[in-house]
Amino acid sequence: MLENYRLKLRAPEPEDLEFLYKWENDTSLWKLGSTLSPISKYTLKEYIAQSHLSIYDIKQLRLIITLKSDETPVGAIDLFDFDPFHQRVAIGILIDQAFHKQGLAKETISLIKDYCFNFLHLHQIYAHVPCNNDPSRNLFLGTGFKETGILKDWLKTKKGYEDVYWMQCLHL
């Protein structure tokens with residue numbers, strides 16, 4: 001369920017520390033999430049140590065995206081704001097810059113949708129996508145998500161506030 005011919009999604013391992021540290025501390029990515037300060041290796045080690053806990057316990061799940069051929073980590077996918085009562089979860093994805101434009105994000109979202117809908121039995125997955133992030137918007141549209149609203153002035157930027165698309169994928 002969490003793999004295809006090319007990719008495998010797996011729990012974070014201690015050897016992923018350097019990749020996670022690099023990705024989490026890339027300040028160019030902070031504007032896309034809610035990171036406000038650097039994350040220490042110690043904090044990431046603690047996070048990895050807790051990664052065995054269920055999404056039902058901690059309301060989130062991070063999986064490392066690896067190439068199946070040699071286990072090279074190419075990114076991470078996060079499920080967060082998990083709401084078991086309403087059967088929904090938010091999604092975020094990061095593909096390392098060295099692996100962009102290879103279709104890996106699209107394949108990863110397909111795998112995680114299958115996991116969410118057919119294993120966790122969720123009703124919906126949603127994402128917040130900045131209105132000026134066309135690659136991300138096109139990725140989600142191309143994987144079955146629909147734009148269902150705009151969150152006005154959602155992200156604070158150097159130039160003021162930015163709107164965000166509310167995108168949902170419903171399991172019908």
Indicate every side-chain donor-acceptor pair of residues 138-147 with a distance under 3.5 Å to a residue at least two apart or in another chain.
from   : atom 1 : to     : atom 2 : distance (Å)
Asn138 : ND2    : Asp134 : O      : 3.2
Thr143 : OG1    : Leu139 : O      : 3.1
Thr143 : OG1    : Phe140 : O      : 3.1
Glu147 : OE2    : Arg137 : NE     : 2.3
Glu147 : OE2    : Arg137 : NH2    : 2.9

Query raised in the report: Quick one: ring-ring contact (aromatic ring centres under 6.0 Å, His included) partners of Tyr56, sequence neighbours excluded?
Result: Phe82
Query raised in the report: Are Phe117 and Phe119 connected in a single hydrophobic cluster, I mean Ile/Leu/Val/Met/Phe/Trp/Tyr linked by side-chain heavy atoms less than 4.5 Å apart?
Result: yes
Query raised in the report: Can you tell me how far the CG atom of Leu7 sits from the CG atom of Leu111, to the nearest 0.5 Å?
Result: 6.5 Å
Report task. Check Ile65 against Ile77 and note the closest heavy-atom contact, atom names and distance. Result -> CD1-N, 4.1 Å
Report task. Look at the side-chain heavy atoms of Ile, Leu, Val, Met, Phe, Trp and Tyr, link any pair under 4.5 Å apart, and say whether Val129 and Phe80 land in one connected group. Result -> no
Query raised in the report: Which pairs with one or both residues in residues 65-81 pass salt bridge (Lys or Arg N to Asp or Glu O under 4.0 Å), sequence neighbours excluded?
Result: Glu3-Lys68, Arg10-Glu71, Arg62-Asp78
**Report entry** Pairing residues for Trp166 by the ring-ring contact (aromatic ring centres under 6.0 Å, His included) criterion, not counting sequence neighbours
**Finding:** Tyr126, His128
Report task. Report the C-alpha distance between Leu20 and Ile64 in whole Å, list the side-chain angles of each, state the deciding distance to 0.1 Å, and finish with yes or no for side chain to side chain contact (heavy atoms under 4.5 Å, CB included). Result -> CA-CA 9 Å; Leu20 290 170; Ile64 302 299; 3.9 Å; yes
**Report entry** side chain to side chain donor-acceptor pair (under 3.5 Å) involving Asp96 - partner list, sequence neighbours excluded
**Finding:** Lys22, Trp23
Report summary line: Contacts of His100 meeting ring-ring contact (aromatic ring centres under 6.0 Å, His included) (sequence neighbours excluded), chain-then-number -> none
Report task. Report the hydrophobic cluster partners of Tyr47, with the cluster defined as I, L, V, M, F, W, Y residues connected by side-chain heavy atoms closer than 4.5 angstrom, directly or transitively. Result -> none
Requested in this report: Could you tell me whether Lys106 atom NZ has more than 12 heavy atoms of other residues or ligands within 6.0 Å of it?
Outcome: no
Query raised in the report: Looking only at heavy atoms, what is the nearest atom pair of Gln102 and Arg6, with distance?
Result: O-NH2, 2.6 Å
Query raised in the report: Which value, rounded to the nearest 0.5 Å, describes the distance between Asp114 atom CG and His171 atom NE2?
Result: 8.5 Å
Query raised in the report: Under a single-linkage rule joining Ile, Leu, Val, Met, Phe, Trp and Tyr whose side-chain heavy atoms are separated by less than 4.5 Å, which residues share a cluster with Ile58?
Result: Leu53
**Report entry** Rounded distance (nearest 0.5 Å) linking atom OG1 of Thr72 with atom CZ of Phe19
**Finding:** 7.0 Å
Query raised in the report: Could you give the distance from CG (Leu2) to OG1 (Thr108), rounded to the nearest 0.5 Å?
Result: 10.5 Å
Query raised in the report: Hey, what do you get for OG (Ser110) to CG (Asn4), rounding to the nearest 0.5 Å?
Result: 7.5 Å
For residues 158-165, which side-chain N or O atoms pair as donor and acceptor with protein atoms under 3.5 Å away, sequence neighbours left out?
from   : atom 1 : to     : atom 2 : distance (Å)
Glu162 : OE2    : Asn132 : ND2    : 3.4
Asp163 : OD1    : Asp153 : N      : 2.9
Asp163 : OD2    : Lys152 : NZ     : 3.3

**Report entry** Remaining members of hydrophobic cluster (4.5 Å side-chain criterion), Phe85
**Finding:** none
Report task. Not counting sequence neighbours, which residues clear side chain to side chain donor-acceptor pair (under 3.5 Å) with Lys8? List them please. Result -> none
**Report entry** Contact summary for Ser51 and Ile48, nearest pair of heavy atoms
**Finding:** OG-O, 2.7 Å
Report task. Specify the closest pair of heavy atoms between Ile125 and Cys116, including all atoms of both residues, with the distance to one decimal. Result -> CD1-CB, 3.7 Å
Report summary line: For Leu170, the hydrophobic cluster (side chain heavy atoms closer than 4.5 Å, chained through members) also holds Leu172
**Report entry** Non-hydrogen atoms of Ala11 and Asp16 that approach each other most closely
**Finding:** O-OD2, 4.2 Å
**Report entry** Spacing of CD belonging to Gln87 relative to NE2 belonging to His121, to within rounding of 0.5 Å
**Finding:** 9.5 Å
**Report entry** Contact summary for Ile91 and Ala127, nearest pair of heavy atoms
**Finding:** CG2-CB, 3.8 Å
Query raised in the report: Is any side-chain heavy atom of Val89 closer than 4.5 Å to a side-chain heavy atom of Leu120?
Result: no
